[in-house]
Amino acid sequence: MISVPVNEPVIPAEARQYVLEALESGWVSSAGKFIQEFEEAFARYLGVKHAITATSGTAALHLSLSALGIGPGDEVIVPDFTMIASAYAVLYTGASPVFVDCDPETFTLDVSQLEAKITPLTKAIMPVHIYGHAADMDPILALARERKLSVVEDAAEAHGAEYKGRLCGTMGTVNAFSFYGNKIITTGEGGMVTTDDDAIAERVRSLKDLAHSPAKRFVHESIGFNYRMTNLQAALGLGQMKHIGEFLRKKQWMAQRYFDGLQDIAGLRLPVTKSWAKNVYWMYAVLVEDSFGMTRDAFRAELKTRGIDTRDFFTSCAAQPAIRALTPAPFGSAQGLRQSLRQGPFPVTEDIAERGLYLPSGLALTEEQIAAVIAAVHSIAHG
Ligand SMILES: *Cc1c(COP(=O)(O)O)cnc(C)c1O
C-alpha cells in the first residue's frame with residue numbers, strides 16, 4: 001500500500017553542499033558567512049531593508065513584539081484561529097492576547113470584527129496568513145494607522161504569498177517567518193524577523209543576542225534572549241532560498257491537481273482564494289460539510305487506513321486549557337486577560353476546528369502520491 005506523509009520537505013543538492021561547507025569551515029555556531037548570506041537573500045527576495053535570523057518562528061514573533069516595546073498591561077489583537085505560538089509570543093512579553101474570530105472563507109482574521117476589539121490598552125494587531133492565504137491587510141493597515149497601532153504579520157505559513165501584489169511579511173511594522181520542517185522554506189528549526197525600520201531592526205539584533213550594550217560587551221541595559229540561529233541552519237536556509245520559485249510552483253501544481261481531482265466531491269469544501277490573494281497553499285486545507293455524510297474524524301480515519309496521513313485544523317486559542325488557566329495571569333495584566341477571555345465565543349473558529357483537515361501538502365509530494373490521495377477520497381466519498 002502507498003504511504004503518503006502529510007508533509008515531507010525537499011532538501012536540494014545546493015543546501016546539502018552549503019551545510020557541508022559550513023561544517024568543514026568549523027563555523028558551526030551563530031557566527032559564519034551563511035547567517036549574513038541567508039539574511040541578505042531573504043531580504044532581497046522580499047524587498048525589505050532588514051531580515052534577521054532567529055531560532056524559530058515563535059522566537060521571531062517574540063522578538064518582533066519585544067522590539068516594539070510591548071509588555072505587561074498591553075493588549076495585542078490576535079486571530080483566535082491560529083497556531084498557538086502567535087498567542088504565546090504575546091504572553092511571553094507579559095501582554096494579553098485579545099482574540100478575534102476568523103473569516104469563514106479564508107480562515108484569516110475577520111476584519112469586520114477588528115475595530116470592536118480595540119481598547120486604550122491595544123498596542124498592536126497580529127494578522128496571521130493562514131495556510132498560505134493572506135489576511136485582508138488593507139483594512140487592518142488603515143485601522144492601525146488611524147489608531148496608531150503597530151502591525152506584526154505572522155507570515156510563518158506564507159513564504160511567497162501575496163496580498164494585492166505585495167508579499168506577505170513586508171506590510172507590517174515588523175513581521176515574522178518560521179522555518180520549521182514543514183514550512184515552505186525550512187532550516188530544520190528557525191525563524192526570521194523582517195522590517196524596513198532601522199531602529200526596530202537594531203533592537204531585534206540586540207535582543208536576540210543577549211542585549212549586550214553597544215558601548216561595552218558584557219554590560220546589559222535590558223533583558224535579552226539567546227535566539228541566535230546557527231550557521232548550519234542558515235546554510236540549509238540559503239540553499240533552500242535558491243529554490244523558492246520552484247517550491248512555490250510545486251505548491252501551485254499541488255493545488256491545481258487537488259482542485260481538478262476533488263472539485264466534484266459533494267460536501268468537501270476546497271480552499272477559497274480571494275481575487276486579491278496569491279495563495280501559496282502551505283497546506284491544502286479542506287472542510288468536511290454535513291452533506292459529505294461522514295464526520296471529519298471518520299474521514300481522516302478512513303484516509304489513514306488507506307495509508308494517507310492528514311492533520312486536523314488548529315483549534316480556538318481562547319479555548320485552550322493553557323490560555324484559560326491564565327486567569328489570573330502569572331504574567332502581565334490579569335485584568336486584560338480576563339477581558340480577552342470574555343470576548344468569545346468564536347463560532348467560526350469553533351466550527352472549522354471540528355470540520356477542517358489538511359491533505360498531504362509537502363514539497364516532496366509525487367504525482368503517484370497525489371493521485372492516490374484523490375483516488376482514496378473518491379472511494380471514501382462514493383463508498
Ligand atoms: C509554525 C508557526 C509558528 C511558529 O513557528 P515555529 O518555527 O514552529 O516556532 C507561528 N505561527 C504560525 C501561524 C505557524 O504556522
Side-chain angles (χ1 to χ4, degrees), residues 6-7 9 38 42 51-66 76-93 97 99-100 102-103 106-109 124-135 137 140 151-161 163 168-169 172 174-194 204 208 225-230 233-234 236-237 240 251 271 279-285 311-318 320 322-323 349 352-353 356-358 361-363:
V6 73
N7 199 289
F38 180 36
F42 204 79
I52 303 152
T53 48
T55 45
S56 68
T58 309
L61 285 168
H62 185 198
L63 285 167
S64 299
L65 295 164
S66 300
V76 178
I77 300 177
V78 178
D80 189 44
F81 186 72
T82 182
M83 199 260 204
I84 193 69
S86 316
Y88 279 171
V90 176
L91 289 163
Y92 297 162
T93 68
F99 298 107
V100 191
C102 69
D103 177 271
T106 65
F107 316 140
T108 60
L109 187 155
I125 305 167
M126 185 192 288
V128 184
H129 308 301
I130 283 286
Y131 300 143
H133 190 294
M137 291 301 292
I140 297 169
V151 173
V152 178
E153 284 175 74
D154 179 343
E157 305 177 357
H159 314 65
Y163 175 76
C168 290
V174 53
N175 314 299
F177 287 85
S178 164
F179 304 124
Y180 179 64
N182 68 10
K183 300 293 159 77
I184 293 174
I185 295 290
T186 184
T187 61
E189 297 279 358
M192 192 80 87
V193 177
T194 58
V204 170
K208 74 171 252 195
F225 315 101
N226 175 357
Y227 282 160
R228 301 183 304 256
M229 178 183 273
T230 67
Q233 292 168 307
L236 182 51
Q240 292 236 323
K251 289 288 194 186
N279 192 343
V280 290
Y281 301 99
W282 172 59
M283 291 294 162
Y284 197 80
R311 287 286 180 282
D312 287 344
F313 269 27
F314 303 127
T315 57
S316 162
C317 286
Q320 293 291 344
I323 303 275
T349 297
I352 65 172
L357 74 147
Y358 44 88
S361 304
L363 288 165

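Ligands are counted one by one from 1 in listed order, and the atoms in each one are counted from 1 as well.
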Can you check side chain to side chain contact (heavy atoms under 4.5 Å, CB included) on Met229 and Thr55, steps first, answer last? CA-CA 5 Å; Met229 178 183 273; Thr55 45; 5.6 Å; no
In the protein, what heavy atom is nearest to atom 11 (N) of ligand 1, and what distance, to one decimal place, separates them? Asp154 OD2, 2.7 Å
When the ring centroid of Phe107 is compared with that of Phe314, is the distance short of 6.0 Å? no
In terms of atom number and element, which parts of ligand 1 are under 4.0 angstrom from non-hydrogen atoms of Gly190? 7 (O)
When you measure from atom 15 (O) of ligand 1 to each heavy atom in Met83, Met126, His129, Glu157, which option holds the nearest one? Glu157
Heavy-atom nearest neighbour in the protein, as seen from atom 1 (C) of ligand 1, with distance rounded to 0.1 Å: Lys183 NZ, 1.5 Å
Apply side chain to side chain contact (heavy atoms under 4.5 Å, CB included) to Val76 and Thr93, showing your working. CA-CA 10 Å; Val76 178; Thr93 68; 5.9 Å; no
Take Val193 and Lys208 through the test side chain to side chain contact (heavy atoms under 4.5 Å, CB included) and record every step on the way to the result. CA-CA 10 Å; Val193 177; Lys208 74 171 252 195; over 6 Å; no
Can you list the atoms of ligand 1 that are under 4.0 Å from a heavy atom of Ala85? 4 (C), 10 (C)
Show which atoms of ligand 1 fall inside a sub-4.0 Å distance from at least one heavy-atom site of Val128. 13 (C)
If you measure from atom 3 (C) of ligand 1 to every heavy atom of Ala156, Ser86, Gly57, which option wins on shortest distance? Ala156
Tell me, yes or no, whether the heavy-atom count around Tyr358 atom OH, taken from other residues, nucleotides or ligands under 6.0 Å, exceeds 12. yes
Geometric class of the Phe179/His159 ring pair [parallel <30°, tilted 30-60°, perpendicular >60°]: tilted
Assign the ring pair Tyr92 / His62 to parallel, tilted or perpendicular, where the plane angle (0 to 90°) is split at 30° and 60°. perpendicular
Under 4.0 Å from a heavy atom of Ser56: which atoms of ligand 1 are those, numbered in the order shown and with their elements? 7 (O), 9 (O)
protein heavy-atom neighbour closest to atom 9 (O) of ligand 1 works out as Thr58 OG1, 2.5 Å
Could you say whether the N/O atoms of Ser178 and ligand 1 ever approach to under 3.5 Å? yes
